Amino acid sequence: MKLITNENNPNALKLFICGNLTCKTIDCEKVDSKDTKLHHSRYPALILDNGKQLFSSNAAALYLFPSFPTDIVDQWLEWEASHLVPSVLKSLSKEGSTTLTNNIKILDTVLSKTKFLHEGFITVADVTVWSTLFGVITEPKLREKYCSSAANVIRWFEAIHLLPEVQAAMKSWNGKSGEAVLTSLQSSSSCLAVTEASSTSTITAKLAKTSISNAPASETTPVKDVVSEDEISACIEAWEKKSATRPKLKPHVHPILPKEGENNVLITSALPYVNNVPHLGNIIGCVLSADVFARYCRLRNRNTLFVSGTDEYGTATETKALEEKLTPQQICDKYFVIHKDIYEWFNIKFDQFGRTTTQKQTEIAQSIFKLVHNNGFTSTASVEQLLCEKCDRFLADRFVEGTCPKCKYEDARGDQCDGCGSLINATELINPRCKVCGNTPVIRHSEQLFLELPKLEADLKKWVDNTSSGWSHNARVIAKSWLKDGLKPRCITRDLKWGVQVPLQGFEKKVFYVWFDAPIGYMSISAAYTDEWEKWWLPSKSTQITLYQFMAKDNVPFHSIMFPAIEMATQKNYTKVSHIMATEYLNYEDGKFSKSRGVGVFGNDARDTGISADVFRFYLLYIRPEAQDSSFSWADMAAKTNTELLNNLGNFTNRALTFCEKFFGSVIPDMKLNKEDFQLLALITRELRQFMAVLDKAKFRDGIKHILCISKYCNQLMQAEKPWVLMKGSEEEKSRAGTVIGLLSNLACLLSIMIRPYMPDTSKIMAEQLNAPESLYVLTEDVTMLLPPGHKIGHPSPIFSLITPKTVEELKARFAGKQNDSAAAKPTKTEAKSTDKSNSAPSQPASVPANSETIEKLEAAVAAQGLVVRKLKSETKDKTVWEPEVKKLLDLKQQLASAKGEQVGNAATKKKK
């Protein structure tokens, strides 16, 4: 789709937001308002892929962000076009607009009862009204004039403004000041031929009275031009005819082997080092992401093998062995079990979870090296290495720390800098130190083997150019930056004992550097799974294998350059990666995970929180750092769980199935779908197909949005039709209630299939409540009847539990670090006496919480002042301009903290600490 618009047009912002909320890509062309190339004078114009043009911004918004036809959404859209826009335009005149004041009062009254304009979730109505008010609320003088007493409007505006989809839309839109936006709105609306109503219409009266329409279902106005007649016809055919021909889930077989003519998918997740307990960032970065994709592929009946395991050789293991006073093998045995148990608790379903300290690993790694060496792709050179004279040993890269020569990060490792991500040689470090004893090492020479990457560079570049279109963006950038800088020979051996021995005369006392043999672990783990492993890794020409590899971005060079280079150097047809799916980093709250400092949630901690593995999976995938770093937050996890899982998905499923049990004896009733029902199915079919499209690209965050959107449609249908009311009416109305509940039960079954990759236990609970056979759990592109009339469901019960604020605070304190535990958290005898309830008063008077009205006003003031500060900071770097406003914001925040009864401190003092 393509959007043609003039500068600063708030209607264009509206469409960018709608597109982001539904994961639709919109290309933008900005033109002069006088441009007549489209033979119209109204902007923006949305050009659809089929060539059709939408000139009404609200019609385009509905197309991008369709809402099931409910009376309240239609009323808001009509109110925005016929009342709000004219009143905003009139506010630009000298006399101003009393009608805008009244309209904002109406909006404020409605928002005092609900989070968004239609119940608890955002709809196209919110986006439309928000965009129209953007210029008013972001222009300080107009905000003061029209919104000074509209605290609920400000709170609602700020909540939408902070949504990631809205922030991304703002960047695409690239609008300027609020005044420029209003000028553009005035220009764009001049041809709308709408006038400000002289009296309040019935629509406005309804909106002022309630945020939820009381109109019966029969009065609900259908959304026009949202779905085509062709889409509706296709949905009718799918519902009525395709259920019988729907494919069944293929039975699980062992071993899984590739087959000619089938979609053979091989999935790996980066092998985690077996020297520590994985934290949540490690888990989402590789094994969990790979598991979701593997489960999705199985739902698509793809011939799928998923392997991973622990990376057990190398200096990381030796370092840990020294710390714990164990042998390297004992360390591997200990942490392999820890990793395996953690992944099992997280419901990560490998076909094989292995390890690299096996005879198979040694055999395959040595055989591959011999091929590479015999084909002339290795060389020998004398290498400067660091020798610790105190420990009397050459120091492998991970045994050396120092200052990075590129970014000056002080704790860079001898192989890579965590500060800038650069790969470095240990001898390049400034002020190097031995990690074991802290002594400064000296440089000595040692003969080592190198992989001749320059000989492979041309083939690698050609391969990357042809393949990387299917990689994540960061993987493409990292690989191409390596190739752009030119490849150099890379050392593949080390003077260590713990590793795969080099099978070459004169090098028997050396082992392979871990980056050389670790990726070969995918092959050896496959070999542990089946003796026919070469069918996956050395397939015949007639068998197509698609390899997906999941990892964090720091592993990209080894999978995009090193491992493919080794495979090429063998001159055999080894399976090379088709799709590298790399994440950015996941942080914890306001900092980083740290096992040593006790900060953050590690895999073995998660099970002790009382929160299910499925909820952890859902939230980690919701915040998966796909395009940029993200942060795990207990408060956000609780909010997402309580709103999206409990109030959205869980609420809908439980209401529908409980109604079926109570009024229809747990039996799916007869269904007579009408045109509006098929309109709904057309919208859901769009979401389903978009869901499959984004999961094919491993965009799991977007996939969740489509699941939740379908669930919202279902909630809207339940609210609009009110089957509990219909059951009290005529036989025709009771029949309609049966149709609604039968349809919703089928959609609950569809959702239970869609969430299986994300929340496998929840999916199975829903399947039990639906009494849905396992053979149904296949994803197809059509919405078909899954549960026919007469199907008997199981017993429904609530699926999700509320995460309370008290639980959030307890978990935040538990995982905040060592400063909050042990002696630091326990009062001394003196402190205990001072807090005894029967003795002295507290040293500082306790703050008394203010009433809710005061708190609401302060929250609105903080939100409004926050907008002022952000606007000024974006416009100028002159601190003298915005620092006074920052001080006002801090003062308001302190007032708010005091009003809530929270501890109030001096902000400046805290900052100095």
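Here the structure is a predicted model, which is why all the values come from computation and not from measurement.
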Engineer: Would you please name every residue forming a salt bridge (Lys or Arg N to Asp or Glu O under 4.0 Å) with Glu781, sequence neighbours left out?
Structural biologist: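 Expected list: none.
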Engineer: Looking at Glu733 and Lys722, does any basic side-chain N land under 4.0 Å from a carboxylate oxygen?
Structural biologist: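 Salt bridge between Glu733 and Lys722, a charged N being under 4.0 Å from a carboxylate O: no.
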Engineer: Which pairs, with at least one residue in residues 736-761 and sequence neighbours excluded, count as a salt bridge (charged side-chain N to carboxylate O under 4.0 Å, His left out)?
Structural biologist: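 Output for this query lists Asp677-Arg736, Glu721-Arg736, Arg756-Glu774.
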Engineer: Please report the C-alpha distance between Asn648 and Thr643 in whole Å, then the side-chain angles of each, then the deciding distance to 0.1 Å, and finally whether the side-chain contact (heavy atoms from CB on, under 4.5 Å) criterion is met.
Structural biologist: CA-CA 6 Å; Asn648 183 1; Thr643 56; over 6 Å; no
Engineer: Just how far is it from atom CH2 of Trp79 to atom CG of Leu107, taken to the nearest 0.5 Å?
Structural biologist: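 Going from the CH2 atom of Trp79 to the CG atom of Leu107 covers 5.0 Å.
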Engineer: Go through the side-chain N and O atoms of Ser472 and Glu626 and say whether any donor and acceptor fall under 3.5 Å apart.
Structural biologist: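 Note: Ser472 and Glu626 side chains miss the donor-acceptor criterion.
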Engineer: Could you list all the ring pair (Phe, Tyr, Trp, His ring centres under 6.0 Å) pairs where at least one residue sits in residues 639-659, not counting sequence neighbours?
Structural biologist: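 Sorted result for residues 639-659: Phe659-Phe663.
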Engineer: How long is the gap from CD on Gln167 to CD1 on Ile17, to the nearest 0.5 Å?
Structural biologist: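 Gln167 atom CD to Ile17 atom CD1 measures 9.5 Å (nearest 0.5 Å).
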Engineer: Can you tell me if Asn301 uses its side chain to pair, donor with acceptor, with the backbone of Lys250 under 3.5 Å?
Structural biologist: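 A pair under 3.5 Å: yes.
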Engineer: Tell me whether Thr653 contacts the main-chain N or O of Gly650 through its side chain, where contact means a donor paired with an acceptor under 3.5 Å.
Structural biologist: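 Pair absent, no side-chain N/O of Thr653 close to backbone of Gly650.
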Engineer: Taking the six-membered ring for Trp, are Phe116 and Trp156 ring centroids under 6.0 Å apart?
Structural biologist: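 Distance test on ring centres: not under 6.0 Å, no.
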Engineer: Is Glu29 paired with Lys2 through a side-chain N to carboxylate O contact shorter than 4.0 Å?
Structural biologist: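 Here Lys2 pairs with Glu29 in a salt bridge, since their nearest N and O are under 4.0 Å apart.
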Engineer: Measuring from Arg686:CZ to Ile684:CD1, what's the distance to the nearest 0.5 Å?
Structural biologist: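 The CZ atom of Arg686 sits 12.0 Å away from the CD1 atom of Ile684.
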Engineer: Of all the heavy-atom pairs spanning Thr780 and Arg246, show the shortest one and how long it is.
Structural biologist: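 The answer is OG1-NE, 4.1 Å.
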Engineer: Can you name the side chain to side chain donor-acceptor pair (under 3.5 Å) partners of Arg655, sequence neighbours left out?
Structural biologist: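 Once residues adjacent in sequence are excluded, Arg655 has no partner under the side chain to side chain donor-acceptor pair (under 3.5 Å) criterion.
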Engineer: Check the side chains of Thr128 and Glu80 for a donor-acceptor pair under 3.5 angstrom, ignoring hydrogens and angles.
Structural biologist: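 No, because no side-chain N or O of Glu80 sits under 3.5 Å from a partner of the opposite role on Thr128.
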Engineer: Hey, does the side chain of Ser131 reach the backbone of Asn11 with a donor-acceptor pair shorter than 3.5 angstrom?
Structural biologist: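 Side chain of Ser131 to backbone of Asn11: no pair is present.
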Engineer: If you compare all heavy atoms of Arg624 against all heavy atoms of Ala698, which two are closest, and at what distance to 0.1 Å?
Structural biologist: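 It is NH1-O, 3.1 Å.
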Engineer: For Asp702, check salt bridge (Lys or Arg N to Asp or Glu O under 4.0 Å) against everything at least two apart and list the hits.
Structural biologist: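 If we apply the salt bridge (Lys or Arg N to Asp or Glu O under 4.0 Å) test to Asp702, skipping adjacent residues, the hits are Lys705.
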Engineer: For the pair Ser735 (side chain) and Glu731 (backbone), establish whether a donor and an acceptor sit closer than 3.5 Å, ignoring hydrogens and angles.
Structural biologist: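 Not confirmed, Ser735 side chain does not pair with Glu731 backbone.
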Engineer: Looking at Ser243 and Thr784, would you say the former's side chain and the latter's main chain have a donor-acceptor pair under 3.5 Å?
Structural biologist: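 Not confirmed, Ser243 side chain does not pair with Thr784 backbone.
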Engineer: Between Thr304 and Ala294, is there a donor-acceptor pair closer than 3.5 Å when you use the side chain of the first and the backbone of the second?
Structural biologist: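 Answer holds: no.
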Engineer: Using 0.5 Å steps for rounding, measure from the NZ atom of Lys241 to the CD1 atom of Ile236.
Structural biologist: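 It comes to 10.0 Å.
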Engineer: Any side-chain heavy-atom pair from Leu163 and Ile122 closer than 4.5 angstrom?
Structural biologist: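 Leu163 reaches Ile122 side chain to side chain.
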Engineer: Counting only N and O atoms by type, is there a donor-acceptor contact under 3.5 Å from the side chain of Asp670 to the main-chain atoms of Pro789?
Structural biologist: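 Looks like no, no N/O pair under 3.5 Å.
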Engineer: Go through the side-chain N and O atoms of Ser752 and Tyr777 and say whether any donor and acceptor fall under 3.5 Å apart.
Structural biologist: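 Distance-only check passes for Ser752 and Tyr777.
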Engineer: Could you go through the side-chain contact (heavy atoms from CB on, under 4.5 Å) check for Met718 and Trp724 one step at a time?
Structural biologist: CA-CA 9 Å; Met718 176 77 84; Trp724 56 90; 3.9 Å; yes
Engineer: Determine the minimum heavy-atom distance between Val778 and Ser775, stating which atoms define it.
Structural biologist: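 Taking every non-hydrogen atom into account, CG2-O, 4.0 Å.
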Engineer: Of all heavy-atom pairs between Glu661 and Ser666, which one has the smallest distance, and what is that distance?
Structural biologist: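 That closest heavy-atom pairing would be CG-OG, 3.3 Å.
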Engineer: Measuring only between side-chain heavy atoms, which start at C-beta, is Ile799 closer than 4.5 Å to Asn654?
Structural biologist: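 Sidechains of Asn654 and Ile799: no contact.
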Engineer: Is the ring pair Tyr548/His579 parallel, tilted or perpendicular, if the boundaries are 30 and 60 degrees?
Structural biologist: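 Parallel.
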Engineer: Given side-chain contact (heavy atoms from CB on, under 4.5 Å), test Ser763 with Ile753 step by step and report yes or no.
Structural biologist: CA-CA 7 Å; Ser763 173; Ile753 297 171; over 6 Å; no
Engineer: By salt bridge (Lys or Arg N to Asp or Glu O under 4.0 Å), which residues pair with Arg689, not counting sequence neighbours?
Structural biologist: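 Asp782.
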Engineer: Is any side-chain heavy atom of Phe65 closer than 4.5 Å to a side-chain heavy atom of Lys14?
Structural biologist: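 The answer is no, as the side chains (C-beta and beyond) never meet within the 4.5 Å cut-off.
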Engineer: Using a 4.5 Å cut-off on heavy atoms from C-beta on, say whether the side chain of Val166 contacts that of Trp130.
Structural biologist: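 In contact.
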Engineer: With the threshold set at 4.0 Å, does a side-chain nitrogen-carboxylate oxygen contact exist between Asp696 and Arg302?
Structural biologist: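 A salt bridge links Asp696 with Arg302.
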Engineer: Is the backbone of Thr641 close enough, under 3.5 Å, to the side chain of Tyr622 for a donor and an acceptor to pair up by distance?
Structural biologist: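 No.
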Engineer: What is the distance from atom CE of Met785 to atom OG of Ser745, rounded to the nearest 0.5 Å?
Structural biologist: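 With rounding to 0.5 Å, CE (Met785) is 12.0 Å from OG (Ser745).
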Engineer: Show your working on side-chain contact (heavy atoms from CB on, under 4.5 Å) between Leu117 and Leu111 and close with a plain yes or no.
Structural biologist: CA-CA 7 Å; Leu117 298 181; Leu111 290 170; 3.8 Å; yes
Engineer: Checking the side chain of Thr685 only, and the main-chain atoms of Leu681 only, is there a donor and an acceptor separated by less than 3.5 Å?
Structural biologist: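 Side chain of Thr685 to backbone of Leu681: a pair is present.
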Engineer: For His161 and Phe157, take the angle between the two ring planes, folded into 0 to 90°, and tell me which bin it lands in: parallel under 30, tilted 30 to 60, perpendicular over 60.
Structural biologist: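 Geometry flag for Phe157 against His161: parallel rings.
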Engineer: Can you classify the ring geometry of Phe700 versus Phe550 as parallel (below 30°), tilted (30 to 60°) or perpendicular (above 60°)?
Structural biologist: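 The arrangement is parallel - the two ring planes meet at less than 30°.
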Engineer: Between Val615 and Met637, is there a side-chain heavy-atom distance shorter than 4.5 Å?
Structural biologist: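 Counting from C-beta outward, Met637 and Val615 do come under 4.5 Å.
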Engineer: Does some side-chain heavy atom of Glu644 sit less than 4.5 Å from a side-chain heavy atom of Phe800?
Structural biologist: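 No, every pair of side-chain atoms sits at 4.5 Å or beyond.
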Engineer: Any side-chain heavy atom of Asn58 sitting closer than 4.5 Å to one from Val124?
Structural biologist: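 Not touching, per the 4.5 Å side-chain cut-off.
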Engineer: If you look at every heavy atom in Leu673 and Leu743, which pair is closest and at what distance?
Structural biologist: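 Where Leu673 meets Leu743 most closely, the heavy atoms are CD2-CD1, 4.2 Å.
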Engineer: Are Tyr758 and Arg295 side-chain neighbours, meaning at least one heavy-atom pair lies under 4.5 Å?
Structural biologist: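 Tyr758 does not reach Arg295 side chain to side chain.
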Engineer: Minimum heavy-atom separation for Cys749 to Leu770, with atom names?
Structural biologist: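 Between these two residues, the closest heavy atoms are CA-CD1, 3.5 Å.
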Engineer: Hey, is the main chain of Leu786 close enough, under 3.5 Å, to the side chain of His791 for a donor-acceptor pair?
Structural biologist: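 Not at all, since once roles are kept as given, no pair shorter than 3.5 Å links the two residues.
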Engineer: Working to the nearest 0.5 angstrom, can you tell me the gap between Thr123 OG1 and Leu77 CG?
Structural biologist: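 Here the interatomic distance stands at 7.5 Å.
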